[in-house]
Structures are given as C-alpha cells and as structure tokens.
Amino acid sequence: MRHVLAMLLLGITLSACSGSSSSLRDQFFASPPDTGLAGQSVAVAAAQNGDYVSAARIYAALLGAGRETPALWAGYAEALFRLEAYPEALGAYDRLAVLTEKGCTARIGQGKTSLRLKQPSVAVLHFQGCIGREPENRAALAGLAVAHDMAGKPDQSAPLYQRLLESRPDDIQILNNYGVSLLLAGRLKEAITRLSQIAFGPASTRRVRQNLALAYALNGDSGAAFNIGLLDLGAEEATANLKYYELLRSMKSNVALRAFLFAGEGPKT
C-alpha cells in the first residue's frame, strides 16, 4: 500500500510506469518517431504535459540517430526518472556527466536517482560534487540533506535544512523534510512544533499532515494522531494508520522508522 510519509525528495512527483523498466529503451526504439529538428521540441512538450513515455521514446530515437547533445541526454534522463526507470535514468545521467563535466544538472540527477535506488552514500558524493562547484545550489543541498537522513545521520542534515530555511523560510518541502528529519533524530516535540507550523495552512498537503500524525503517535498522543488522520482519511483508514504508527512506536527502532519512511510502502492513504 502506498503511503504519504515518504519525504519529498527534491520535490519530485513521480508518474506511474507501465511495463518493465528494464525494457523501456527497447520499447522506445521499437517504433522510433520523428528524428528531425522538430523532434526535440515535441519531446519537451510531451514531458511538460506529463507524457513521459512519448518524451522518452522521442529522446531515445534522437540519440539513436546520432544526435548526441547534453540537452537530449538531460531530457531523456529526466523522462526515465519520471517513469521510475531508475537504473536506465542513472545510466543516462552518467552519460550526461561525461558530456558536461563542470555542470550540476548531471550530478543532481545522479544524486536523486541514487536516492531512489536506496544508495544514500553514493548520492552524498554526487550532491557534494555539485555543491563543490555551486555552494548555494538548493537542489543539491536539499538532496544532500535527504541522503544524510536516509543514511541515518540526521545530525548532518540539520545544518543543511537550517541553511536552506535561512534564505527561504516558507519553503514547505524543506520544512516538511526538516520535520521528518527531527523525527528520525528522536526530537519528537521539535518535530511536532515544526510540522504544526505548516500542517494547516493553504499550502499544506496531506503528506505534511500525516507526517504530523505520525509525530504525535510516536510521542504517545494517539488521540491527536487519529484526529489529524481524519482530516484526510476515513475513520477505518485513520484507525489502520494509527495502529501502524503505534507499532513503530513500540518497536523503538530508528532503523524500522527509516525503512518505513523511505521504502514507499506503508499504511493505505
């Protein structure tokens, strides 16, 4: 069952992928579309409309026709990422990194894809590589913070979140991630305070509210956790979530909590 507690990794929202990711590139080449000058514009438009399958097919055809440019590899890699074809996306970002040694686009792509592949230590290296060139790159700083949290090192992510919030204190994605990071650090009251500040405003999301519900449950306030759950869920689903949260609390395991938050599986929402 999909849950809403996974952290907002770089603010990315993934689309569902149909078919096996391992055969995506073969599918794209099976019926290559226009490889002329208009092809790239069509691919960009398709991606902007959320049609990543068509975008990836066009990019693959253009690359297969010998039109190898950084822009094509970047578009192809991002389309594959959105399709959740992470190994193929990483390969495309690796090729982009060869073509653009001094840029950050490839390194951020490598980093966020490594996170999806549950390789936080690898992601750290990629994000740090970008930050070495662009110290204030928000995507790289945010990604590095999440990588540290995923690796069980929230003490290293906290300064990054604080740094990001200094320049943009109303960034709800960073505020949410920081709240979850505080959960992982066992700083439950601080997590509740942080998440409460953003859980009920017009820019809030169900994810933020359910993270707050989890924080209350882990802190032993089942009533508050249940009531917040009811803001987005039916009574049966809110009850099921609460039982799951209470199980996590009884386990007293940071490893289990991290696995829950980052696995992409959990209570139904």
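The basis for the numbers below is simple: all heavy atoms, side chains too, and nothing from hydrogens, waters or symmetry mates.
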Report the distance from atom [atom1] of [X] to atom [atom2] of [Y], rounding to the nearest 0.5 Å.
X	Y	atom1	atom2	result
Ile174	Arg168	CD1	CZ	8.5 Å
Tyr178	Leu160	OH	CG	10.5 Å
Asp94	Arg107	CG	CZ	10.5 Å
Arg209	Ile198	CZ	CD1	10.5 Å
Leu80	Tyr52	CG	OH	12.0 Å
Ile192	Asn211	CD1	CG	12.0 Å

Within residues 154-167 or reaching into it, pairs that qualify as salt bridge (charged side-chain N to carboxylate O under 4.0 Å, His left out) - sequence neighbours excluded: Glu136-Arg163
Enumerate the salt bridge (charged side-chain N to carboxylate O under 4.0 Å, His left out) contacts for residues 173-194, please, sequence neighbours excluded, ordered by first and then second residue. Arg187-Glu190
Those residues at least two apart in sequence (or on a different chain) that pass side chain to side chain contact (heavy atoms under 4.5 Å, CB included) with Thr69 are Ala71, Leu72
For Ser121, which residues count as a side chain to side chain contact (heavy atoms under 4.5 Å, CB included) partner, sequence neighbours excluded? none
Donor-acceptor pair, side chain of [X] and main chain of [Y], under 3.5 angstrom:
X	Y	result
Ser250	Leu247	yes
Asn254	Ala185	no
Asn49	Ala45	yes

Sequence neighbours left out, what passes side chain to side chain donor-acceptor pair (under 3.5 Å) with [X]? Give chain and number order.
X	answer
Asn227	none
Ser167	Arg138
Ser157	Asp149, Ser181

Under the criterion side chain to side chain contact (heavy atoms under 4.5 Å, CB included), I'd like the reasoning laid out for Leu164 against Asp171: C-alpha separation, chi angles, the key distance, then a yes or no. CA-CA 9 Å; Leu164 288 162; Asp171 188 327; over 6 Å; no
Residue pairs passing the disulfide bond (SG atoms under 2.5 Å apart) test where at least one lies in residues 152-187, sequence neighbours excluded: none
For a quick test of your reading: what N or O donor-acceptor pairs under 3.5 Å do the side chains of residues 97-105 make, sequence neighbours left out?
unit_1, atom_1, unit_2, atom_2, d
Thr100, OG1, Leu96, O, 2.7

What are the two closest heavy atoms between Leu248 and Ala256, and how far apart are they? CD2-O, 4.1 Å
Quick check on the hydrophobic clustering: are [X] and [Y] connected, directly or via other members, by side-chain heavy-atom contacts under 4.5 Å?
X	Y	value
Ile108	Leu125	no
Leu183	Leu165	yes
Met150	Leu257	yes
Ile228	Phe226	no
Ile131	Val122	no

Could you work out, with salt bridge (Lys or Arg N to Asp or Glu O under 4.0 Å) as the rule, every residue matching Glu68, not counting sequence neighbours? Arg95
Determine which pairs satisfy side chain to side chain donor-acceptor pair (under 3.5 Å) with at least one residue from residues 125-135, sequence neighbours left out, and list them in order. Gln110-His126, Glu134-Asn137
Indicate yes or no: at least one non-hydrogen side-chain atom of [X] is less than 4.5 angstrom from one of [Y].
X	Y	result
Gln173	Arg207	no
Val146	Lys112	no
Val208	Leu212	no

Please determine whether ring-ring contact (aromatic ring centres under 6.0 Å, His included) holds for the pair Phe81 and Tyr93, giving the CA-CA distance in whole Å, both sets of side-chain angles, and the decisive distance to 0.1 Å. CA-CA 10 Å; Phe81 180 89; Tyr93 280 123; 7.1 Å; no
Could you go through residues 214-221 and list every donor-acceptor pair under 3.5 Å that involves a side-chain atom there, pairing it with any protein atom two or more places apart or in another chain?
unit_1, atom_1, unit_2, atom_2, d
Asp221, OD1, Ala224, N, 3.1

